[in-house]
Amino acid sequence: MCGIVGAVSSRNITPILIEGLKRLEYRGYDSCGVAVHQDGALRRARSTSRVAELQTQAAEDGIASGTGIAHTRWATHGVPAVRNAHPHFSPGPNAAEGAAGRVALVHNGIIENHDELRAELQARGYVFHSQTDTEVICHLVDQLYNGDLLEAVQQAVQRLKGAYAIAVFHRDEPQRVVGAREGSPLVLGVGEGERFLASDAMALAGVTDQIVYLEEGDVVDLQLGKHWISHAQAGRFTAVEREVKTVHAHSGAAELGPYRHYMQKEIFEQPKAIADTLDAVETIGPELFGAGAAARFKDIDSVLILACGTSYYSGSTAKYWLESIAKIPTSVEIASEYRYRDSVPNPRQLVVTISQSGETADTLAALKHARSLGMQHTLTICNVGTSAMVRECALNYITRAGAEIGVASTKAFTTQLVGLFLLTLTLAKVRGHLSEAQEADHLKALRHLPVAVQAVLALEPQVVAWSEAFARKENALFLGRGLHYPIALEGALKLKEISYIHAEAYPAGELKHGPLALVTAEMPVVTVAPNDALLEKLKSNLQEVRARGGELFVFADADSHIESGEGLHVIRMPEHYGALSPILHVVPLQLLAYHTACARGTDVDKPRNLAKSVTVE
Ligand code: G6P
C-alpha cells in the first residue's frame, strides 16, 4: 500500500528517495512520484508505471536536490492517474493555470472530512487538480503558511479527521521537511548531518539504522543534521523526546534465486521459516511470550483473536486448537467488524492480534478499541518485531518467516499457525491440561514439521497437472471440515487473490444448505480430507457432489482410503499429522493457487487492486 520517503541532506537525495520507494514497491501501488526543492523551485516527476520508470523520468528531467519527498500510491480517492499521483503541489489561491508550486506534500491514509475542507478552500480561491483527499491537506498547509512550515503543519493537522502520515516541504524553506502522523505509520531516520522520513524503516535500509518510531499525533521538523519532535496536548504543541533505536531493517530486496515469483519462493521457504520460528523454543511456557506473560495467562478466562485476511484464517484455525487442547473459550473476529460493533468487554479476556506486517490499520484499531474497553491483556503474533502491533501489545510472539514479498501470504500464515500452536500448548499447560508426555509429543511433532512440509512440497508436479484444468474455470468451491474448514477458506482466498477465479469455501456439512445448487461439471470442488474423526462424514459429502456430476479434487491423507476414479482426482498427502495437519494441508492449496495463476498469466506477486500491507481502513 502507499509508501512515503523523505529527506533533508546536503547531498543529492533523489537516488535515496527512489531506492526507498523500490524497497516499498512489493506492498502494492498503482502510481508513484518524487518531488524535490531545486534551484529555488519545486520540481517533480510522477508516473502510473513502475518505480524504475519514475527513476528514468527523474534522471532525464535532471531532478536532483538535498531536500525531497517521494511516494507510492495505492488509489483510494480517485483513479490511478498521474494527476492523482503524489506529491501534490499547491501554487496558492487564485493561481493561474500551470503556476509554480509553493507546497509539496505526500500522504498515506484517508482524510474523512476532505469534502468539507475542499469546499472551504475552494471558497478561498484554491483550485483542485486531482480527485484525492490529499490535495486538500496540501492547499490547507499553503493557506495556513505564514513563514514557518512547522507551524502551518501543526495547525493543519488539527483540522484533519481520519488517518494520515504526511511529509511536506515549502518553496521558501529549502532545507526543511515536516512530517506528521495519526493512524498511519511514519518513522524518522537519523543520519550524520542528514534526516529522513519513511512510512517503514525498511525503506531506509542501507541509509541509516538509527530510527525513531513517531507516535500518534507527533509532528516532526527535519532540517540539516537536526530534528525536533512535537506532540499536541489539548490543542497545544510541546517538544517531546522519542528514543532513537538501532533497527536492522531487512532490505526487502530478497533475491528470487531459481524461482519464478516471490510467492513460489516463499511457499518453498516454509520449512526454513517454520524451523526458524521454532528455533528458540526449548520447552513450553509463558516466557515464550515475553515478560509478565505468566501472570497475565493465569488471570485470563477466554481468548479473543482479532485479525484480517489470511491472518484471520490462522486465528480461525487456532480457535479449534485453543478450545480442544487448552479448553479455553475462544472467539475470532474480523478486526474491521470488531472495531465498530457493540461488544461485551471482558477484562479477563486475552486479546490476540495476528498480523504479518504489524501495521494493518483495522487490526491496530481493533486492538486499541479492545484496550479502550478495559481489556489490557494483549498479545500479538507478528512477523515484524519493530512494528506498531508489537509496540502496542503487552506480549508477543515474533514469527521468523523473514520478509514476505508476495502480496498473497504464505509462509507468514504457516508460521503464525506455529506461534498459535505454541500459545495453545502454553495455555493448556498453565491451565493443567497438558501432561509432560503430551508436551513432549507435541514438541516432537512441531520439530518434525519442516521435514513434513518438505515432503508435501514434493507434490508440486501433481498440483501443476491439476492447475491446467483449474486455469480454464471461472468458479471453484472448497470444502473442509472442523480444523480444516479455515484451511479451505484460506485455499479459496489464495485462488481468488492471485488467479481471479471466483472461489468460495464451505464447511462440508453445509453443502446441502446452499452450495450444492452450484455444483455442475463446470464447478471444480477442492476438498481437504485429512484422516480425522470427520473423514467418514466428509466422504458422504463427496458422494453428494459426485451424484450431481461435480468434479472433485481431493487432498487426502495416505491412509484415508479415497481412491481416484471418474470425476474424482486424489493427491495423497505423505502422512497424517494430527492436530498440526492444517499446516501441511494448506501447502498444496497455496501451490494450486500459484500454478493456476501462472497458467492464467496473472501478476502473481502483485495481484490487481491488492496491497501487501493495508495501512488504511
Ligand atoms: C492484506 C494482504 C494479506 C494479509 C492481510 C492482513 O490483505 O494482502 O496477505 O493477510 O492484508 O495483513 P497482516 O499484515 O495484518 O497479516
Side-chain angles (χ1 to χ4, degrees), residues 1-3 24-30 74 76 184-185 199-200 202 252 261-263 266-267 273 277 305-318 332-339 351-368 379-393 396-399 401-420 486-487 489-500 586 589-590 593-594 597 602-617:
M1 200 154 247
C2 302
L24 299 174
E25 243 187 327
Y26 75 93
R27 296 179 168 209
Y29 67 104
D30 42 49
W74 188 83
T76 56
S184 293
S199 49
D200 186 318
M202 185 204 274
H261 296 97
Y262 283 105
M263 182 178 176
E266 287 156 8
I267 291 171
T277 297
I305 297 178
L306 303 170
C308 302
T310 287
S311 299
Y312 171 73
Y313 293 140
S314 70
S316 307
T317 310
V332 193
E333 290 214 36
I334 290 177
S336 56
E337 286 295 308
Y338 174 75
R339 65 182 285 194
V351 178
V352 179
T353 60
I354 308 171
S355 179
Q356 185 285 125
S357 62
E359 302 291 352
T360 301
D362 279 322
T363 312
L364 278 170
L367 168 69
K368 285 178 194 163
L379 182 153
T380 187
I381 309 271
C382 187
N383 196 39
V384 181
T386 51
S387 63
M389 201 75 74
V390 174
R391 296 196 304 277
E392 299 271 337
C393 282
N396 62 62
Y397 192 84
I398 308 297
T399 52
E404 194 179 62
I405 307 291
V407 163
S409 185
T410 52
K411 61 178 181 171
F413 179 73
T414 42
T415 52
Q416 283 168 354
L417 287 176
V418 168
L420 286 160
I487 296 305
L489 285 163
E490 172 60 6
L493 176 66
K494 285 287 88 85
L495 189 69
K496 79 182 119 193
E497 275 181 311
I498 59 169
S499 75
Y500 314 146
V586 76
L589 301 185
Q590 297 168 342
Y594 172 72
T602 60
D603 189 352
V604 173
D605 285 331
K606 299 187 186 87
R608 71 180 179 211
N609 307 339
L610 300 181
K612 179 73 190 154
S613 180
V614 182
T615 48
V616 294
E617 202 181 333

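Start at 1 and go down the list; that is how both ligands and their atoms are numbered.
- Residue contact check: S409 has heavy atoms under 4.0 Å from atoms 9 (O) of ligand 1.
- The shell of residues lying under 4.0 angstrom from ligand 1, judged by heavy atoms, excludes G28.
- Q590 and Y594 are not linked by any side-chain donor-acceptor pair at a separation below 3.5 angstrom, with hydrogens and angles left out of the test.
- Across every non-hydrogen atom of T360 and M389, the tightest pair is O-CE, 4.4 Å.
- For ligand 1, the atoms lying closer than 4.0 Å to a non-hydrogen atom of S355 are 13 (P), 14 (O), 15 (O), 16 (O).
- The single protein non-hydrogen atom nearest to atom 9 (O) of ligand 1 is V407 O, 3.0 Å, given as residue, atom name and distance.
- At under 3.5 Å, a nitrogen or oxygen of Q356, whether backbone or side chain, sits near a nitrogen or oxygen of ligand 1.
- Looking at atom 8 (O) of ligand 1, its nearest protein heavy atom turns out to be A611 O, 2.9 Å.
- Ligand 1 places these atoms under 4.0 Å from at least one heavy atom of T310: 10 (O).
- Nearest heavy atoms, W74 versus C2: N-SG, 3.4 Å.
- A salt bridge between K606 and E25 is absent, with no side-chain N of the basic residue lying under 4.0 Å from a carboxylate O of the acidic one.
- The closest approach between C308 and ligand 1 falls below 4.0 Å for a heavy atom of the residue.
- Salt bridge absent: D603 and R608 never bring a charged side-chain N and a carboxylate O closer than 4.0 Å.
- When only modelled atom types and interatomic distance are considered, T380 and T353 share a side-chain donor-acceptor pair under 3.5 Å.
- Checked options R27, K411, K612; the residue passing with E404 is K612 (criterion: salt bridge (Lys or Arg N to Asp or Glu O under 4.0 Å)).
- Here the CD atom belonging to E337 is positioned 10.5 Å from the SG atom belonging to C308, to the nearest 0.5 angstrom.
- Distance from atom 12 (O) of ligand 1 to its nearest protein heavy atom, with residue and atom name: T360 OG1, 3.3 Å.
- Looking at V614 against ligand 1, only its side chain comes within 4.0 Å, counting heavy atoms.
- What sits closest to atom 11 (O) of ligand 1 on the protein, heavy atoms only, is K612 O, 3.9 Å.
- Under 3.5 Å, the side chains of K494 and T310 contain a donor-acceptor pair of N or O atoms.
- Annotation for ligand 1: atoms under 4.0 Å from non-hydrogen atoms of S311 are 10 (O), 13 (P), 16 (O).
- With a 4.0 Å heavy-atom cut-off, ligand 1 is reached by no atom of A307.
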